Amino acid sequence: MAAAWGRTRRGGGGGGGGGEVAESIYAVVALVLVLVACVELGDAAAAVDVYRLIQYDLAGAPLGSRLAALNHHAGAFPFAAGADLSRTAVIVPIRDLDLSFLRDYIANKRPLGGLLLLLPQKISDKLGGEQKNDDSGLVKKILVELEQLLIHAEIPYPVYFAFEDEKIEALLMDVRKGDSAGQPSTATTGGYKFIVSLPEPKKLSSPTISNIQGWLPGLKEEGDANQLPTIAIVANYDTFGAAPALSVGSDSNGSGVVALLEIARLFSRLYSNPKTRGKYNLLFGLTSGGPYNYNGTYKWLRSFDQRVRESIEYAICLNSIGSWNNESWNNELWIHVSKPPENPYIKQIYETFSDVAKDIGVSIGVKHKKINVSNPRVAWEHEQFSRFRVTAATLSELPVAPEFLESTGGLYDTRKSTDEKAIYRSVKLVAESIAKHIYGHEGRNIDIFADNSSLAVNPYYITSWLDLLSQTPRVAPFLSKNDPFIAALKKELSDHTVEVHVQHESLDGIFTFYDTTKATLNVYQVASVTFDLLFLLVLGSYLIILFSFLVITTRGLDDLINIFRRPPSRKAKAA
């Protein structure tokens, strides 16, 4: 009996070991299946950098995109009439966008899950200054209209911009293929799903605008107690656009900033020698808040001592002077003024600029626009000077004043849309005109900043700064006091001028901005509900079979049957 019992225990042990082995094998198989599924899901996911449509309030009115989070299936334009897009994230390249479709959805407040607008990978190639084909001109026209539509409307769904690439194009083709086959991406059919996981955007508290100024003091004669007259050269450096993270404003107003820095560099060389230093102070101002009625310029002028303002003989504001040399413009610059052209100071400025313009082959005209003091709208930067009774003019390639928040460095204003040759000629025009006025050389055939001289305009300096500005988004509320770009401007101005000062002010309260300008879009290729149900059925069947096998091998068939047998009732037990 003892021997038999020992054999029985060993046999039982061997059977238990076989069950454990079988259980381990099935566990490994299950783990492999799970890993394969995870690998497949990982391959189906992609991450795309996206740029959010601006969100802001103007005098309490909500404008721009009011949502940031996105979690919807993808759909491609065009759609069938009456299609329900409330749970669809529409993906559409800019060149294929039907603006009437978007206007209809915005105007009638029709529900839309989200909108992803695809920009050309090299948008500058499509929007180059030389509009050589209809496609590039069409894309620019669409972008201009689209931007104005988006920034002046309240949009209750997330809107993002992204750049086209091979991955996005392949995704778009798959989405379009499914739509054309009558199988759009839904929870039932599967497809692609767009997910942007972001918290609700928060208001920016007390956004800062920073003004930077520097001086080049003129030569004062001994015993002369009178204050020297001052000429101010000014340019605003900030931008505004539908996508703050993409608003680099190469022309508006990167071109004005580059021109101001080069003019400061030229006159610093001229003023470094007492023999060639003029009897005029030169004031250089890089201002902020340009798109917001030149709010920074107003606060900068307000901070001046009354004697400083009275010493300013005139101010030249530089705005959008980098594209007029292209075929898209008429090779012409304009001097915009608030005082009539017959005014002696305005007439002197125009005549001096006209003489220099003829010498360098530039066409220049004058535009007079009265200002309405009761109207808070400020179309040109020189109008803020006029409100302080300071003679000023704006030099620009734009023949008329832009509308509010228009031509402020939007999506189409890129490096390739700006011509460094235009900036070069603009610098030459302004520097020569101011120098001739300072040294009394009006009407004389004297070239102070002659080419190939030590005082020549430096095209490499212009190009390098233009490249930097074309890579730097400059929407003022998103630039902190200690932003590296502001520090770079201050340092550069310090290299050419003295008494450099940075003034920090708060943007006026009619504007309220919200954070979150960039995000990561996660794209998932998800299976249909049918696939999920089938997978669940297969998995459930596998688990039932595995469970049954383990029970039979370890306990026997009777125990398996007893598991599914209905337990006896209380009456049966009592009997």
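Computed from a predicted model, the values in this text were never measured in an experiment. Heads up: numbering here begins at 1 and tracks the sequence.
Among I316, N253, L489, L286, the one residue that satisfies the side-chain contact (heavy atoms from CB on, under 4.5 Å) test with L260 is L286. Of the candidates V92, L97, I91, L115 forms a side-chain contact (heavy atoms from CB on, under 4.5 Å) with just one, namely V92.
Side-chain contact between L143 and L119 is present, with at least one heavy-atom pair separated by less than 4.5 Å. L270 has its side chain within reach of L455: a pair of non-hydrogen atoms, C-beta onward, lies under 4.5 Å apart. The shortest distance between side-chain heavy atoms of N319 and Y294 falls below 4.5 Å. Considering only heavy atoms from C-beta on, I510 stays 4.5 Å or farther from D57 through its side chain. Counting only heavy atoms from C-beta outward, the side chains of V427 and I263 approach each other to under 4.5 Å. In this structure the side chain of P477 reaches within 4.5 angstrom of the side chain of L507, judged on heavy atoms. Contact annotation: the side chain of S506 never approaches that of I209 to less than 4.5 Å [non-hydrogen atoms, C-beta and beyond]. Side-chain atoms of V362 and V356, non-hydrogen and from C-beta on, never get closer than 4.5 Å to each other.
Crowding of E442 atom CD: a count of heavy atoms from other residues, nucleotides or ligands under 6.0 Å exceeding 12. Remark: Y345 OH is loosely packed, at most 12 non-hydrogen atoms of other residues, nucleotides or ligands lying under 6.0 Å away. Dense packing is recorded around CG of N372, with more than 12 heavy atoms of other residues, nucleotides or ligands lying under 6.0 Å away. Counted within 6.0 Å of NZ on K518, heavy atoms from surrounding residues, nucleotides or ligands total 12 or fewer; the atom is thus considered open.
T418 and S255 form no side-chain donor-acceptor contact under 3.5 Å, judged by distance and modelled atom types alone. When only modelled atom types and interatomic distance are considered, E381 and T297 share a side-chain donor-acceptor pair under 3.5 Å. No hydrogens or angles considered: nothing links the side chains of D413 and S252 as a donor-acceptor pair under 3.5 Å.
Ring geometry, F513 versus Y56: the interplanar angle falls under 30°, so the pair is classed parallel (tilted spans 30 to 60°). Between W465 and Y461, the ring planes are tilted. Angles from 30° to 60° get that label.
Judged by distance alone, with hydrogens and angles left aside, the side-chain atoms of D515 form no donor-acceptor pair with the main-chain N or O of L204 at under 3.5 Å. Distance alone, capped at 3.5 Å, places no donor-acceptor pair between the Q471 side chain and the L466 backbone. Listed for the N458 side chain is a donor-acceptor partner under 3.5 Å among the backbone atoms of Y460. Judged by distance alone, the side chain of Q55 and the main-chain N or O of G64 form no donor-acceptor pair under 3.5 Å. Between the side chain of E432 and the backbone N or O of F449, at least one donor-acceptor pair lies under 3.5 Å. Using modelled atom types, no side-chain atom of H382 and backbone atom of A315 make a donor-acceptor pair closer than 3.5 Å. Put simply, the side chain of N236 never gets that close to the backbone of T287: no donor and acceptor are under 3.5 Å apart. Here the side chain of R52 pairs a donor or acceptor atom with the backbone of T516 at under 3.5 angstrom. Remark: side-chain polar atoms of R277 are paired, donor with acceptor, to backbone N or O of Y271 under 3.5 angstrom. In terms of modelled atom types and a separation under 3.5 Å, the side chain of S426 and the main chain of A422 share a donor-acceptor contact.
Listed by chain and number, the residues in a side chain to side chain donor-acceptor pair (under 3.5 Å) with K339 are T391 (sequence neighbours excluded). By the side chain to side chain contact (heavy atoms under 4.5 Å, CB included) test, A456 is found to be paired with S453, residues two or more places apart in sequence or in another chain being considered.
A salt bridge is defined here as a Lys NZ or Arg NE, NH1 or NH2 lying under 4.0 Å from an Asp or Glu carboxylate O, and D355 with K436 fails to meet this definition. Under the 4.0 Å criterion applied to side-chain N and carboxylate O atoms, R415 and D467 are assigned as salt-bridge partners. Of the charged side-chain nitrogens involved, at least one lies within less than 4.0 Å of a carboxylate oxygen, so that R176 and D96 count as a salt-bridged pair. A salt bridge links D451 with K428: at least one charged nitrogen is closer than 4.0 Å to a carboxylate oxygen. Comment: E145 engages K141 in a salt bridge, judged by a side-chain N to carboxylate O separation of less than 4.0 angstrom. Looking at E383 and R377, no side-chain N of the basic residue comes within less than 4.0 Å of a carboxylate O on the acidic one, giving no salt bridge.
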Where do N281 and W215 land on the side chain to side chain contact (heavy atoms under 4.5 Å, CB included) test, with the steps shown first? CA-CA 7 Å; N281 297 322; W215 287 89; 4.0 Å; yes

So L117 and L146, side chain to side chain contact (heavy atoms under 4.5 Å, CB included) or not? Walk me through it. CA-CA 10 Å; L117 299 167; L146 172 66; 3.9 Å; yes

Mind running side chain to side chain donor-acceptor pair (under 3.5 Å) on Q503 and W300 for me, showing each step along the way? CA-CA 8 Å; Q503 175 195 28; W300 180 53; 4.9 Å; no

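Residues L469 and G254 approach most closely at CD1-O, 3.5 Å, considering heavy atoms.
In this structure, L301 CG and F388 CZ are separated by 5.5 Å, a value rounded to the nearest 0.5 Å. For the atom pair S288 OG and D238 CG, the distance stands at 4.0 Å (nearest 0.5 Å).
Checked against the 6.0 Å centroid criterion, the rings of H437 and Y314 qualify as a close aromatic pair. For Y298 and Y292, the gap between ring centers reaches or exceeds 6.0 Å.
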